[in-house]
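Report on one structure; see the data block that follows.
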2 protein chains.
Amino acid sequence: MKKKSRDEYRSRCPINIGLELFGDRWSLLIVRDLLFKGTDHFNGFLESQEKIATNILADRLVKLEAAGILERRPDSQDARRVRYRLSEKGYALAPVLIEIILWADAHEDTAAPPDVIAAMRGNRKRFIASLRKR
Amino acid sequence: MKKKSRDEYRSRCPINIGLELFGDRWSLLIVRDLLFKGTDHFNGFLESQEKIATNILADRLVKLEAAGILERRPDSQDARRVRYRLSEKGYALAPVLIEIILWADAHEDTAAPPDVIAAMRGNRKRFIASLRKR
DNA sequence: CAGGATCCGTTTCGATACTG
DNA sequence: CAGTATCGAAACGGATCCTG
């Protein structure tokens with residue numbers, strides 16, 4: 001295979017996508033909570049340290065569902081409760097989140113637990129698989 | 001090594017960081033242009049399809065410099081010109097951008113060039129190294 | 001009580017015009 | 001070329017209210 005130079009890629013690699021997702025202050029945090037904390041209901045997201053407002057959370061949940069990143073369904077046990085879970089497309093964001101967390105761990109003052117970081121750096125496939133097991 | 005369950009990681013993996021970076025609509029696009037397009041001056045960023053406004057661009061360039069992600073210096077040739085380049089910390093964002101682009105390529109309707117995607121999926125280390133060569 | 005919806009004051013954004 | 005200044009529009013956030 002012929003080597004491609006950097007210039008050949010230049011100007012041809014847009015992030016046309018997901019400005020709504022990656023350019024939004026809250027959406028990735030919701031995905032993080034679903035993925036790493038296992039948060040699955042409205043009030044669970046409200047408990048995160050970032051203190052999202054209820055109207056903003058409701059708005060983002062609708063948008064993330066519309067984007068096919070999460071699914072919403074009534075709790076089979078408690079009719080009052082709505083459960084949120086990641087779709088396949090949502091789980092596919094795990095590598096993005098992991099790279100963000102690793103970058104932050106290396107370059108910012110974050111409080112990520114060392115064993116979690118080690119697990120991410122180690123066998124990444126297994127780590128990602130462990131996120132899907134409920 | 002003992003296997004860690006998902007629950008052991010739960011509630012302990014925050015993205016405390018970079019809400020300013022990852023939760024911002026424009027910052028990652030600037031990094032993208034620096035990384036993949038080789039954009040290095042103010043008006044270059046303005047040419048991107050997303051059409052950032054001049055005041056927002058100026059603001060984000062200041063913030064990204066303050067965050068140590070890019071460096072600013074006057075052009076040695078042309079005094080009017082200011083050149084921007086990624087710092088090491090900035091280059092370290094390449095894996096994040098790559099995962100975003102791969103996710104989008106798989107799940108969204110993006111126009112990323114197939115050969116670039118293939119290069120990212122193939123030998124990633126080499127691909128990243130190619131981004132640093134000027 | 002869970003999951004929102006609505007109101008409203010405040011902050012931030014962004015398009016355009018303008019400047020050194 | 002590399003930014004400021006301005007000002008209306010949009011988003012945010014906090015509180016409160018509503019509904020099952």
Side-chain angles (χ1 to χ4, degrees), chain A residues 11 15-16 18-34 37-67 69-86 90, chain B residues 15-16 18-34 37-67 69-87 90:
Chain A
S11 300
I15 309 177
N16 292 334
L19 276 183
E20 284 179 19
L21 178 61
F22 297 107
D24 180 67
R25 184 168 168 186
W26 298 109
S27 299
L28 268 193
L29 296 175
I30 294 171
V31 173
R32 173 202 66 186
D33 286 356
L34 284 158
K37 298 190 187 176
T39 304
D40 66 348
H41 62 286
F42 195 88
N43 284 328
F45 298 110
L46 293 179
E47 288 163 13
S48 280
Q49 58 181 353
E50 290 88 0
K51 301 301 169 201
I52 187 170
T54 61
N55 54 344
I56 307 294
L57 174 58
D59 177 75
R60 294 308 192 278
L61 288 172
V62 167
K63 286 180 175 165
L64 286 170
E65 187 186 15
I69 288 167
L70 58 77
E71 291 153 9
R72 159 196 328 234
R73 56 178 181 179
D75 191 313
S76 51
Q77 314 296 322
D78 183 349
R80 297 176 308 178
R81 221 165 220 262
V82 179
R83 302 196 64 181
Y84 299 92
R85 57 183 321 205
L86 288 170
Chain B
I15 310 178
N16 292 334
L19 277 183
E20 285 180 17
L21 178 60
F22 297 107
D24 179 66
R25 183 165 168 188
W26 298 108
S27 298
L28 270 192
L29 296 175
I30 293 171
V31 173
R32 173 202 65 184
D33 286 355
L34 284 157
K37 298 190 188 177
T39 304
D40 67 347
H41 63 287
F42 194 89
N43 284 331
F45 298 109
L46 294 180
E47 288 162 14
S48 281
Q49 59 181 351
E50 290 88 0
K51 302 300 171 202
I52 186 171
T54 59
N55 55 343
I56 306 296
L57 175 59
D59 177 75
R60 295 308 191 276
L61 288 172
V62 168
K63 286 179 176 166
L64 286 169
E65 187 187 16
I69 288 167
L70 58 77
E71 292 153 7
R72 164 196 324 236
R73 56 178 181 178
D75 191 310
S76 51
Q77 314 295 322
D78 182 349
R80 297 178 311 180
R81 219 169 221 258
V82 179
R83 303 197 64 180
Y84 297 93
R85 57 181 321 199
L86 288 170
S87 65

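Chain naming here is simple, since letters A, B, ... match the order of the sequence lines and numbering starts at 1 in each.
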Write down the distance between [atom1] ([X]) and [atom2] ([N]), rounded to a whole number of angstrom.
X       : N     : atom1 : atom2 : value
A/Leu70 : C/dG3 : CG    : P     : 14 Å
A/Asn43 : C/dG3 : CG    : P     : 5 Å
B/Arg83 : D/dC1 : CZ    : P     : 14 Å
A/Leu57 : C/dT6 : CG    : C1'   : 16 Å
A/Phe42 : C/dC1 : CZ    : P     : 16 Å
A/His41 : C/dG3 : NE2   : C1'   : 10 Å
B/Asp59 : D/dG3 : CG    : P     : 12 Å
A/Leu46 : C/dC1 : CG    : P     : 15 Å

Straight-line distance of B/Leu70 CG to B/Leu64 CG, nearest 0.5 Å
5.0 Å

With rounding to the nearest 0.5 Å, note down the distance linking CH2 in B/Trp26 to CG in B/Asp59.
12.5 Å

Side chain of B/Asp24, heavy atoms from C-beta onward: which of D/dG3, C/dC13, D/dC1 has the nearest atom to it?
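Output: C/dC13.
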
Does the side chain of B/Arg72 get closer than 4.0 angstrom to OP1 or OP2 of D/dG3 through an N or O atom?
yes

Before giving the answer on salt bridge (charged side-chain N to carboxylate O under 4.0 Å, His left out), spell out for B/Glu50 and B/Arg32 the whole-Å C-alpha distance, their side-chain angles and the decisive distance to 0.1 Å.
CA-CA 12 Å; B/Glu50 290 88 0; B/Arg32 173 202 65 184; 2.9 Å; yes

Under 3.5 Å between N/O atoms: give me all the protein pairs with nucleotides 14-20 of chain C, atom names plus distance.
residue	atom	partner	partner atom	Å
C/dG14	OP1	B/Arg25	NH1	2.9
C/dG14	OP2	B/Trp26	NE1	2.6
C/dG14	N7	B/Asn55	ND2	3.2
C/dA15	N6	B/Asn55	ND2	2.4
C/dA17	N6	B/Thr54	OG1	3.4

In sequence, state the C-alpha distance, the side-chain angles, and the governing distance for A/Leu57 and A/Ile52, and then conclude on side-chain contact (heavy atoms from CB on, under 4.5 Å).
CA-CA 6 Å; A/Leu57 174 58; A/Ile52 187 170; 3.9 Å; yes

Can any side-chain N or O of A/Thr39 pair as donor or acceptor with the backbone N or O of A/Phe45 at less than 3.5 Å?
no

Does a side-chain N-to-carboxylate-O contact under 4.0 Å join A/Arg60 and A/Asp24?
yes

